[in-house]
Number of protein chains: 2
Amino acid sequence: MLTDRQLLILQVIVDDFIRSAQPVGSRSLSKKEEISFSSATIRNEMADLEELGYIEKTHTSSGRVPSEKGYRYYVDHLLSPQVLNKQDISIIQSIFAEKIFEFEKIIQKSAKILSELTNYTSIVLGPAASFNKLKRIQIIPLNKESAVAIFVTDSGHVENRTFYLPPSVDASDLEKTVNILNERLTGVALEDLNDKIYKEVATLLRQHIRNYDLMLHTIADSLKMPVNEKLFFGGKTNMLSQPEFHDISKIRTLLQMIDHEEWIYPLIKNDSAGIHVKIGRENNNSAMENCSLITATYSVGAESLGTIAILGPTRMEYSRVISLLQFLSNDLTSVLTNLYQK
Amino acid sequence: MLTDRQLLILQVIVDDFIRSAQPVGSRSLSKKEEISFSSATIRNEMADLEELGYIEKTHTSSGRVPSEKGYRYYVDHLLSPQVLNKQDISIIQSIFAEKIFEFEKIIQKSAKILSELTNYTSIVLGPAASFNKLKRIQIIPLNKESAVAIFVTDSGHVENRTFYLPPSVDASDLEKTVNILNERLTGVALEDLNDKIYKEVATLLRQHIRNYDLMLHTIADSLKMPVNEKLFFGGKTNMLSQPEFHDISKIRTLLQMIDHEEWIYPLIKNDSAGIHVKIGRENNNSAMENCSLITATYSVGAESLGTIAILGPTRMEYSRVISLLQFLSNDLTSVLTNLYQK
DNA sequence: GTTAGCACTCATTGAAGTCGAGTGCTAATT
DNA sequence: AATTAGCACTCGACTTCAATGAGTGCTAAC
């Protein structure tokens, strides 16, 4: 539908605007070496591109700026993947330099480095604990009235919940319960615990414990808590340096959104694996109007665990960011797979 | 040193500037009902106040603005404590409405509500875990090479550490070790654990475990927790609405500071109990030049546990904020004391 | 000691003018 | 028929200038 020349012009406009943040005019385009025709020709082509919705003017006599549709086309068809330089690669690999056991540390460091490498804001969704299999349950009474339940998964993740002890329960009941739970629930994925408790554990509890149902509900309640994956951020304030956010009110809406984790989940919780680019209003979020979000998933083996994302202005260096995310998510996946699958 | 009239004028200037954020002129002052003398008189007095360093001009013919010294004097001598209205009180008390076990939840909610009530940024330093006494240690092997150690305190706080198992250690060693640790360390404050391990546990371990010293160091290493108290924030973006921060670069330095937790600790980690007000450069931090920080401590019984703080512009409503912090820290202390000392 | 009066300062506002980078359109050129 | 040169036009950005008004300090009168 678009001629080669139009594609070329669109690409150069987007590239130039990403670099300079200034509307691109026909004259400055005609001076580029890729472009061999006159500014008048370019003006004609630009008028067509504008009519088709790929570029826009900021006012009647201004240069052109890519529209969201323009960015979308650029990302889908015109992007030349950037080859990472050695420095970038070695910086990313420094994430894995130390011996680490804990996912969290790696994840946190990834977020930090990603934001430093891009000057945008990075968001990393920590590994979903729900796939982890239960290794051990422990219940430790704190005093007459309350106890803390501890759940350890095979990956070394620890969850804990404080709860009130049902008044009728004594120490031996508690011990029996813990034994039953461990016997029946070890190896079960966290997300299946609740099911399993009611189906298998219930009958056993009934046989051994007085007031078994009170105990049952107390335990099940403790488990019902949302095992929400943790979010990690890097470079929250980087957006302040972007010229499109020199306006306080835009900054405010954006930072307010970043500080509300519950608003972030729907943005980055992506169903399918791989790299996704969402441009401006594609994010369905008014605070993201001038922003793009690029997400990638990381996994252990075939199982996708979490998401790493970069939030930047729509005028973002798509090519570079995609390459970085690609590279990091691959590395993360292979390191985690190694760590986790032995 | 200052005459009564000068004090009155200083007070009215500070009050007015806090309200309006505009330099205060002699004419507008003379119209206030508290003030019964002419603008010319006021001008003379203001000239003196300026010479003494309590107020400043923004330019030769502008009204006056309080200097840091002026705020300091105001806070120390002129402050009329604001009586909280019923609504404020009931909002604060709503923090404790639900039954809660976990300090963290209360603390988090406190930060949120404090920022909503003041429109400034709130910072709450969570309860120092180091005072807590150990209730139970548990070590759970994950696989051949690693295990996770879990420390539960009498307050229900749970810490966990993953570590490599020394190769020579087998299951029965581990069990013995855990027994020894529990026997010897239960009731010991977290901060004293390390000491105690080397002094008392070491000899016992030697008697019962082969390669006891490897085990010893592994455990001790795990314990070397930087049990850094957690920081909670509320209203991080509130400062964006303050007129003195309509300038992007000021906003940036401030937000960057807020996002570096390690820079916050020295600001709010206060030795002595009670309310403290630090104005502008008294904070010894260039990012805080136009900010004041008011801190209060909360405690369990007589033991001071943590800090709640409000970060606002120097032009902050000192009176209101101090009252709010006073009230909340009292409430926090009594609730926590109740919860914790039974 | 207090105040009225006056000359002076300076940030803010808005109007008027210039500049220049951009456009669209038309007519000439290839 | 496609390309380009040329030209009138638009509009944001910047500069200049004058007017306004809220403030000051100082002096002289009360």
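Every heavy atom of this structure was used, including side-chain atoms; hydrogens, water molecules and symmetry mates were not. Numbered from 1 within each chain, the chains take letters A, B, ... in sequence-line order.
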Salt-bridge present ([X], [Y]; N to O < 4.0 Å):
X         : Y         : value
Lys112(B) : Glu116(B) : yes
Arg315(B) : Glu244(B) : yes
Arg72(B)  : Glu282(B) : yes

**Request:** With sequence neighbours excluded, give me every side chain to side chain donor-acceptor pair (under 3.5 Å) pair touching residues 77-89 of chain B.
**Result:**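 Matches after skipping sequence neighbours: Asp88(B)-Arg320(B).
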
For atom [atom1] of [X] and atom [atom2] of [N], their distance in whole Å:
X        : N      : atom1 : atom2 : value
Ile35(B) : dT2(C) : CD1   : P     : 14 Å
Ile42(B) : dT2(C) : CD1   : P     : 12 Å
Phe37(A) : dT4(D) : CZ    : C1'   : 13 Å

**Request:** Mind checking side chain to side chain contact (heavy atoms under 4.5 Å, CB included) for Thr237(B) and listing every partner two or more places apart, or none if nothing turns up?
**Result:** Leu255(A), Gln256(A), Asp259(A), Leu240(B)

**Asked** Residues two or more places apart in sequence or in another chain: which of them pass side chain to side chain contact (heavy atoms under 4.5 Å, CB included) with Asp247(A)?
**Response** Ser249(A), Lys250(A)

**Message:** Under the rule for ring pair (Phe, Tyr, Trp, His ring centres under 6.0 Å), what residues qualify as partners of Phe17(B), not counting sequence neighbours?
**Reply:** none

**Prompt:** Which word best sums up how the rings of Tyr71(B) and Tyr318(B) line up, parallel for under 30°, tilted for 30 to 60°, or perpendicular for over 60°?
**Reply:**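 Geometry flag for Tyr318(B) against Tyr71(B): tilted rings.
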
**Item:** Under 4.0 Å protein heavy-atom contact, by nucleotide of nucleotides 6-26 of chain D - B base, S sugar-phosphate only
**Value:** B---BBS----------BBB-

**Message:** For DNA chain D, which residues of residues 12-22 of chain B approach it to below 4.0 angstrom with any heavy atom?
**Reply:**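 Within this stretch, nothing sits under 4.0 Å of the strand.
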
